[in-house]
A.B. asks: 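Here you go, one structure.
Note: hydrogens, waters and symmetry copies are ignored here, and every other heavy atom, side chains too, is used. As the structure is a computational prediction, the values presented were derived from the model and not from experiment. Naming: A, B, ... by sequence-line order, numbering from 1 per chain.
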Amino acid sequence: MVSDTKVKRSLPQGVGQFTPKWMLFTVVAVIVLIAGIAAYLYEASQGMIVTGMANTGTQGGVTWGLYVVMVEYFIGVSLAGIVLASFAKVFRVKALRPISRLAVLLTVCSLLVGVLAILIDLGKPIRGIINMLLYVRPQSPFFGTFMLVAVGVLLTSLLYLYLDGRRDAAYLADIDSGLRWYHRLWAMGYKDTATERLRHRRTMFWLSIFVVPLVIIALSTEGLVFGIQVGRPGWFGSLQGPDFLVLAAASGLANLIVLTAIVRKVLRDDYILIEHTVFNWMGGLLLAATAAALYFQIVELFTLLYATPGNERQLADALLRGPYAWIFWLQLALLTFGLVLLILQGVRRRWSVGVSVVASVAISTSAVAERYLTVIPSQTHGMMLPYAPGSYFPTWVEFTVVAGLFALGALLIGLFIKVFPIVPLNGMKADQEVLVDA
Amino acid sequence: MTKYAMAVDLDRCQGCRGCMTACKVENNTVEGNFWMYVFRFEQGTYPDTEMSFLPRPCQHCDNAPCVKVCPVGARFHRDDGIVLTDADRCIGCRYCELACPYGVNYFNWQKPENAQYTIVDWQDDSLDPVTGGLVPPYKNPDLDQLWGEEQRRTAGGGHDKGVMEKCTFCVHRVEKGLDPACVETCPTDALVFGNVDDPDSPVSQYLREHQTWQLLDEAGTRPSVFYIGGSPPSREVTEIERPKATV
Ligand code: SF4
Ligand code: SF4
């Protein structure tokens, strides 16, 4: 009798199994996070005096320091995930389907962390949230940062993640497990009927189309924050937006590759779910993005070489042979190194996971350095009035808070993987099901 | 209509930095913050050197980049030309500081009480007859009041941790019909302040009688501060005698 036959299934992909290794990872991440929180609380009580920042001009400092560098980096990282997932959906790229959820998760987590970093950088964070809602001025590029990125893209990505997972959640909700309440909650109201499935597919299709321009517009404002400034050398220019996006795409893909490699490893027997072809895809895309980023860098390098005497020249000197030279040349070298590794793999048509990861780490590190060079030197060198040059070095408080932000991001991703299948289940249920007689 | 402006006569300025001190006393700004600042420049090589001075208050720009970028409208431009920061509105994002080409903005990185000048031990009882218990630190009560039509706390407030501040043209004095403290103090009358919409005001007369130039004209900020004599600072000058106090 049908009613007597119960489907007894276990949660797929190690969901709900909190292995010792995972526990170890979580404990370490929590410790780092707590250290970050403690450092921030210390900063909140003492004031931002405990950071390396100071006022520009007579105090010879930078007023935007490491936190803003990380805001730019994290928000940049968020670009690639959701765009890649949407691309896979709209053009039905089957090969990318297994990592689409991971991609959107990366977007959500890096945005969360990025937005948190903005709040951490404010002198009055609570008032910041309130006043941004009460008095927001769209004329300020911060409108883009707060409203478009924090509210618009973050909420849309969350919605995307939620809607895209409902079908899987409905399936998981049938499984008797400690996480059932959670899967039920996620699936709420979804029964996986044919009409529902169709409606869902359509919604996701249009959401995918809608989200791409939204992300591009919102994230361009991150570049505009600097691009509309006449008061500092090296900032004003129409290329800040595109430049930001290109490097954002590269750093996002790089992070996604590393994440995919890790997830593939921890999935153990399920690693076959993520086929090797995803690395070909992502490697190729990263190659394109990195090549474009390097192109921008080289154009910028030449512009710097020909900077006119005056404050632009002062900035150029500081970058090319002054206090920032080592960062400048290091980031260029890292980017080139990453690109060469990718090209070598591309020509041989053999994408090794290990080499891709090395290239990704190099490119991602280079992106942090590049964001640093965008934000910091224009504040210490080449002020429009002849103030003596300034300097900046982050303090342990800033480093600890930033480490805490990374830990938070890692923790969120690690936690998600244990409560929900990271590879979408669609079409693979049969493998997981074990029919037993009750 | 009233439109305030300041004339800075560099031919009269002797670089004494009296205005900087007056500003500090009036506005109780913390150590290392100079709402009014006087550059001391040196040019050439010994023995052919030349010194010059350049007082630098906030330029109270009519087309102020700092106002444009403020995400919450805390930095605003009054009809009479004074550019102010609402201490109750500012969220401390420091975007205005980046946008300003003149470097006049000062963020309060710590509790201002902890950063007042402490040459004197204010706890010393023997000071009581002099201070009347007003310290530490002495606070000009006017700074905490609401000013102008908008009735906003714009005179630097009580100096709050985590908000932005800068020269206010001494709005709390101007509202009472007084000159800003720096103008009042300058021993050589190098600073002249007043309403340029009134042709008879001293500043109007001064500006009529002299040729003027503006700082960083190329930035298109349309400052309310006009310079007379001297010359715009070139890239050849070196700043000497920077204040030692940082934050
Ligand atoms: S000088 Fe700077 S702070 Fe003052 S009004 Fe102009 S842009 Fe704003
Ligand atoms: S620091 Fe305050 S006044 Fe300046 S832009 Fe931010 S909110 Fe506006």
Side-chain angles (χ1 to χ4, degrees), chain A residues 44-51 53-64 68 118 121-132 134-143 145-147 225-226 228-232 235 309-311 313-314 375 378-379 382-388, chain B residues 32-34 37 39 41 54 56 65-74 86 88-112 114-115 160-164 215-216 218-221 233-240 242-243 245-247:
Chain A
S45 69
Q46 300 297 307
M48 295 171 93
I49 185 82
V50 298
T51 69
M53 294 182 264
N55 292 304
T56 58
T58 58
Q59 289 178 358
V62 304
T63 194
W64 277 6
V68 174
I118 299 175
D121 188 58
L122 292 184
K124 298 260 176 209
I126 311 244
R127 191 193 278 181
I129 299 174
I130 298 170
N131 283 7
M132 277 310 294
L134 288 182
Y135 306 113
V136 63
R137 295 176 65 248
Q139 304 95 310
S140 167
F142 262 39
F143 174 78
T145 305
F146 279 92
M147 291 297 167
V225 166
F226 303 96
I228 63 157
Q229 299 299 332
V230 288
R232 306 270 157 187
W235 279 357
N311 57 339
R313 173 89 256 164
Q314 276 185 4
V375 178
S378 298
Q379 299 176 63
M383 295 266 301
M384 292 186 71
L385 290 182
Y387 293 99
Chain B
N33 287 12
F34 299 96
Y37 182 66
F39 282 102
F41 294 130
L54 183 83
R56 181 238 59 190
C66 62
V67 171
K68 287 191 208 165
V69 298
C70 180
V72 293
D86 184 335
D88 295 321
R89 176 84 66 92
C90 172
I91 61 175
C93 68
R94 314 188 292 292
Y95 200 4
C96 49
E97 178 169 347
L98 287 179
C100 170
Y102 304 93
V104 308
N105 288 278
Y106 290 90
F107 181 73
N108 277 326
W109 299 97
Q110 60 180 320
K111 264 210 200 106
N114 298 345
D160 305 331
K161 179 181 88 177
V163 303
M164 191 56 79
L215 208 47
L216 302 180
E218 68 274 21
T221 49
S234 74
R235 283 279 140 192
E236 270 66 62
V237 300
T238 329
E239 197 197 346
I240 53 170
R242 308 181 76 176
T246 50
V247 257

A.B. asks: Ignoring hydrogens and geometry, is there a side-chain-to-backbone donor-acceptor pair from Tyr387(A) to Gly103(B) under 3.5 Å?
C.D. replies: yes

A.B. asks: So, taking the atom named CG in Leu98(B) and the one named OG1 in Thr56(A), what distance separates them when rounded to the nearest 0.5 Å?
C.D. replies: 7.0 Å

A.B. asks: Go through the atoms of Ser234(B) and report whether side chain, backbone, both or neither lie under 4.5 Å from a heavy atom of chain A.
C.D. replies: backbone

A.B. asks: For the interface with chain B, which of Gln379(A), Gln139(A), Arg232(A) has the highest count of heavy-atom pairs at distances below 4.5 Å?
C.D. replies: Arg232(A)

A.B. asks: Mind ranking Gln46(A), Met384(A), Met48(A), Arg127(A) by heavy-atom pairs under 4.5 Å with chain B and telling me who comes out on top?
C.D. replies: Arg127(A)

A.B. asks: If you look at every heavy atom in Met132(A) and Val72(B), which pair is closest and at what distance?
C.D. replies: SD-CG1, 3.7 Å

A.B. asks: Can you tell me which portion of Tyr106(B) sits under 4.5 Å from chain A's heavy atoms? Options are side chain, backbone, both or neither.
C.D. replies: both

A.B. asks: Backbone N or O of Gly231(A) within a donor-acceptor pair of the Tyr102(B) side chain at under 3.5 Å?
C.D. replies: no

A.B. asks: Please state whether the side chain, the backbone, both or neither of Asn105(B) comes within less than 4.5 Å of a heavy atom of chain A.
C.D. replies: backbone

A.B. asks: Please determine, among Glu97(B), Glu218(B), Met164(B), Lys161(B), the option with the most heavy-atom pairs under 4.5 Å with chain A.
C.D. replies: Glu97(B)

A.B. asks: Taking salt bridge (charged side-chain N to carboxylate O under 4.0 Å, His left out) as the definition, give me every residue that meets it alongside Arg94(B), ordered by chain and number, with sequence neighbours left out.
C.D. replies: Asp121(A)

A.B. asks: Go through the steps to decide whether Arg313(A) and Arg235(B) satisfy the test side chain to side chain contact (heavy atoms under 4.5 Å, CB included), and finish with yes or no.
C.D. replies: CA-CA 11 Å; Arg313(A) 173 89 256 164; Arg235(B) 283 279 140 192; over 6 Å; no

A.B. asks: Tell me, side chain or backbone of Arg89(B) under 4.5 Å from chain A's heavy atoms, or both, or neither?
C.D. replies: both

A.B. asks: If you round to the nearest 0.5 Å, how far is OH of Tyr135(A) from CG of Asp86(B)?
C.D. replies: 8.0 Å

A.B. asks: Can you tell which of Ala74(B), Gly162(B), Cys100(B) has the highest number of heavy-atom pairs within less than 4.5 Å of chain A?
C.D. replies: Gly162(B)

A.B. asks: Within the distance-only criterion (no hydrogens, no angle test), does the side chain of Lys111(B) pair as donor or acceptor with the backbone N or O of Ser45(A) below 3.5 angstrom?
C.D. replies: no

A.B. asks: How long is the gap from CG on Asn55(A) to CZ on Phe34(B), to the nearest 0.5 Å?
C.D. replies: 11.5 Å

A.B. asks: So which atom in Pro386(A) and which in Val237(B) form the shortest heavy-atom distance, rounded to 0.1 Å?
C.D. replies: CG-CG2, 3.8 Å

A.B. asks: Between Cys93(B) and chain A, which part of the residue has a heavy atom less than 4.5 Å away: side chain, backbone, both or neither?
C.D. replies: both

A.B. asks: At what distance, to the nearest 0.5 angstrom, does OH of Tyr95(B) lie from OG1 of Thr145(A)?
C.D. replies: 7.5 Å

A.B. asks: Mind ranking Ala219(B), Cys90(B), Ala99(B), Pro71(B) by heavy-atom pairs under 4.5 Å with chain A and telling me who comes out on top?
C.D. replies: Pro71(B)

A.B. asks: Determine the option with the most heavy-atom pairs under 4.5 angstrom with chain B, choosing from Gly47(A), Gly123(A), Ser378(A).
C.D. replies: Gly123(A)

A.B. asks: Starting at CZ of Phe107(B), measure out to CE of Met53(A) and round the result to the nearest 0.5 Å.
C.D. replies: 8.0 Å

A.B. asks: According to side-chain contact (heavy atoms from CB on, under 4.5 Å), who are the partners of Ala44(A), at least two apart in sequence or on a separate chain?
C.D. replies: Tyr40(A)

A.B. asks: Find the one option among Ile228(A), Val230(A), Val225(A), Thr51(A) whose heavy-atom pairs under 4.5 Å with chain B are most numerous.
C.D. replies: Val225(A)

A.B. asks: Report the C-alpha separation of Gln229(A) and Val69(B) in whole Å, then their side-chain angles, then the decisive distance to 0.1 Å, and conclude whether the side chain to side chain contact (heavy atoms under 4.5 Å, CB included) test is met.
C.D. replies: CA-CA 9 Å; Gln229(A) 299 299 332; Val69(B) 298; 3.5 Å; yes

A.B. asks: For the CH2 atom of Trp109(B) and the OG1 atom of Thr63(A), what is their distance to the nearest 0.5 Å?
C.D. replies: 4.0 Å

A.B. asks: Please look at Lys68(B) and chain A and tell me whether the side chain, the backbone, both or neither of the residue comes under 4.5 angstrom of a heavy atom of that chain.
C.D. replies: backbone

A.B. asks: Of the non-hydrogen atoms in Thr58(A) and Arg56(B), which two are nearest, and what is the gap between them?
C.D. replies: CG2-NH1, 4.2 Å

A.B. asks: Could you report the tightest heavy-atom contact between Leu385(A) and Pro233(B), atom names first, then the distance?
C.D. replies: CD2-CG, 4.3 Å

